[in-house]
Amino acid sequence: LVSVGLLLPDTVVVKVEESQLACQVTAGSGGVWYINAEGRVLGSSLDNFTGQIVELRGVSLDSPKVGERASSVEGQEDSLEAALAVVKEMDGTGLIDKVTVVNTEKAFDIELLCGDQYQILLGGNDELPYKIQYLQVVLDGLDPYQAGTIDLTFDQDRVAVFSQWQ
C-alpha cells in the first residue's frame, strides 16, 4: 500500500506499507501466485514476506500481473470474490493466524480449514461479518485438544453446531 501526501509548505510525504497477509492461489496457466486481502497480485515469489499466508482453493487466476487486481478464470468470478470477502473479513481478527485454507469451489458453500483441527462450514457469504464474529466466539470456547466440524450455515435456528471428530 502506497500513499502520498503533502505537508505544507514544501514537503511531500510518501508512505509505503507492506502487506501483512497474502493468499496463495494457482493460475489457470499453472504456477502459484500470491495476492493480498484486497485482491492485488503481489507476485509468484514471496522471499522476504513474513506475514500469514492462506491458501485459496476453488479458484484460479487468469493471467496474473504484479501490482494489478487479480482476476479469475472465466466462471470463477463469484468464487474469487467470496474468497476475498472472507479473507478481508478475517483480517485483523486473529482468525487469519488459525485459518490455513479458504475453499470457495462453490461460492455458496464456503469451507475454511484450520490445519487438521477444524473444518468450518460457512455456507454462503451472507451475514459474513456476523459469521466471522460468531466463529471467534466458538473457537475461544473450544478446548485446544478438540477437533471437529463447526457448522455456521445456520441451518438449525441460527446456532453454530460443533461436531467433534472421533
Side-chain angles (χ1 to χ4, degrees), residues 1 17-28 30-42 46 49-62 64 69-166:
L1 177 65
E17 291 181 38
E18 287 187 31
S19 291
Q20 297 301 309
L21 168 69
C23 301
Q24 174 184 322
V25 62
T26 58
V32 174
W33 287 80
Y34 299 92
I35 60 176
N36 66 10
E38 288 76 35
R40 187 99 25 227
V41 177
L42 303 175
L46 293 178
F49 183 75
T50 58
Q52 179 66 25
I53 298 177
V54 176
E55 179 186 352
L56 300 185
R57 291 186 188 161
V59 64
S60 296
L61 299 182
D62 181 33
R69 175 126 170 102
S71 62
S72 63
V73 296
E74 188 175 334
Q76 294 182 349
E77 296 86 0
D78 291 343
S79 293
L80 178 60
E81 290 309 311
L84 290 175
V86 170
V87 169
K88 196 167 190 166
E89 197 62 46
M90 288 190 307
D91 195 16
T93 66
L95 285 175
I96 210 68
D97 295 328
K98 299 174 185 174
V99 173
T100 55
V101 174
V102 175
N103 186 343
T104 57
E105 188 173 336
K106 298 175 188 162
F108 56 87
D109 195 15
I110 301 167
E111 173 191 44
L112 310 179
L113 298 176
C114 295
D116 293 331
Q117 189 172 15
Y118 301 115
Q119 173 193 35
I120 300 150
L121 307 175
L122 290 180
N125 63 0
D126 57 313
E127 299 184 88
L128 196 53
Y130 178 71
K131 289 178 181 179
I132 295 300
Q133 185 178 22
Y134 200 158
L135 176 59
Q136 286 180 281
V137 172
V138 169
L139 288 174
D140 288 344
L142 293 172
D143 291 324
Y145 65 85
Q146 291 180 297
T149 300
I150 302 168
D151 188 342
L152 290 167
T153 59
F154 298 138
D155 288 340
Q156 300 178 2
D157 301 323
R158 293 183 49 82
V159 175
V161 178
F162 176 70
S163 303
Q164 189 163 337
W165 294 333
Q166 301 302 324

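Keep in mind that this is a model prediction, so the values were computed, not measured.
- Partner Ser72 forms a side chain to side chain contact (heavy atoms under 4.5 Å, CB included) with one of Asp62, Val25, Val59 and no other, that one being Val59.
- For Ser71, there are no side-chain hydrogen bond (donor to acceptor under 3.5 Å, both in side chains) partners two or more places apart in sequence or in a different chain.
- For CD of Glu77, the number of neighbouring non-hydrogen atoms (other residues, nucleotides, ligands) closer than 6.0 Å is greater than 12.
- Within the structure, salt bridge (charged side-chain N to carboxylate O under 4.0 Å, His left out) pairs that include any residue of residues 106-134 comprise Asp126-Lys131, Glu127-Arg158 (at least two apart or interchain).
- Gln76 places a side-chain N or O within donor-acceptor distance of the main-chain N or O of Ser60, the cut-off being under 3.5 Å.
- For the residue pair Gly115 and Thr100, the shortest heavy atom distance occurs at N-OG1, 3.1 Å.
- Summarising the geometry, atom CD belonging to Gln24 is positioned 12.5 Å from atom CG belonging to Leu42; distances are rounded to the nearest 0.5 Å.
- No donor-acceptor pair under 3.5 Å is formed between the side chain of Glu89 and the backbone N or O of Ile132.
- Scored by the side-chain hydrogen bond (donor to acceptor under 3.5 Å, both in side chains) test, Arg69 finds Glu81 as partners (sequence neighbours excluded).
- The structure places CG of Leu139 at 8.5 Å from CD of Gln117, a figure rounded to the nearest 0.5 Å.
- Across all non-hydrogen atoms, the minimal contact from Thr153 to Gly123 is CG2-N, 3.5 Å.
- The two residues Ala147 and Tyr118 have their closest heavy-atom pair at CA-CE2, 4.2 Å.
- Not one N or O on the side chain of Thr149 forms a donor-acceptor pair closer than 3.5 Å with the backbone of Ser163.
- Within the structure, the salt bridge (charged side-chain N to carboxylate O under 4.0 Å, His left out) test picks out no pair touching residues 137-151 (sequence neighbours left out).
- Taking the side-chain hydrogen bond (donor to acceptor under 3.5 Å, both in side chains) definition, one finds that Asn125 meets it with nothing, sequence neighbours left out.
- Qualifying side-chain hydrogen bond (donor to acceptor under 3.5 Å, both in side chains) partners for Glu105, counting only residues two or more places apart in sequence or in other chains: none.
- In this structure, Glu74 places its CD atom where only 12 or fewer heavy-atom neighbours from other residues, nucleotides or ligands lie under 6.0 Å away.
- Here Leu61 contributes atom CG and Ile35 contributes atom CD1; the two are 5.5 Å apart, rounded to the nearest 0.5 Å.
- With hydrogens and angles disregarded, a donor-acceptor distance shorter than 3.5 Å links the side chain of Tyr134 to the backbone of Ala160.
- Aromatic ring pairs are classed by plane angle as parallel below 30°, tilted from 30° to 60° and perpendicular above 60°; the pair Phe154 and Tyr130 is tilted.
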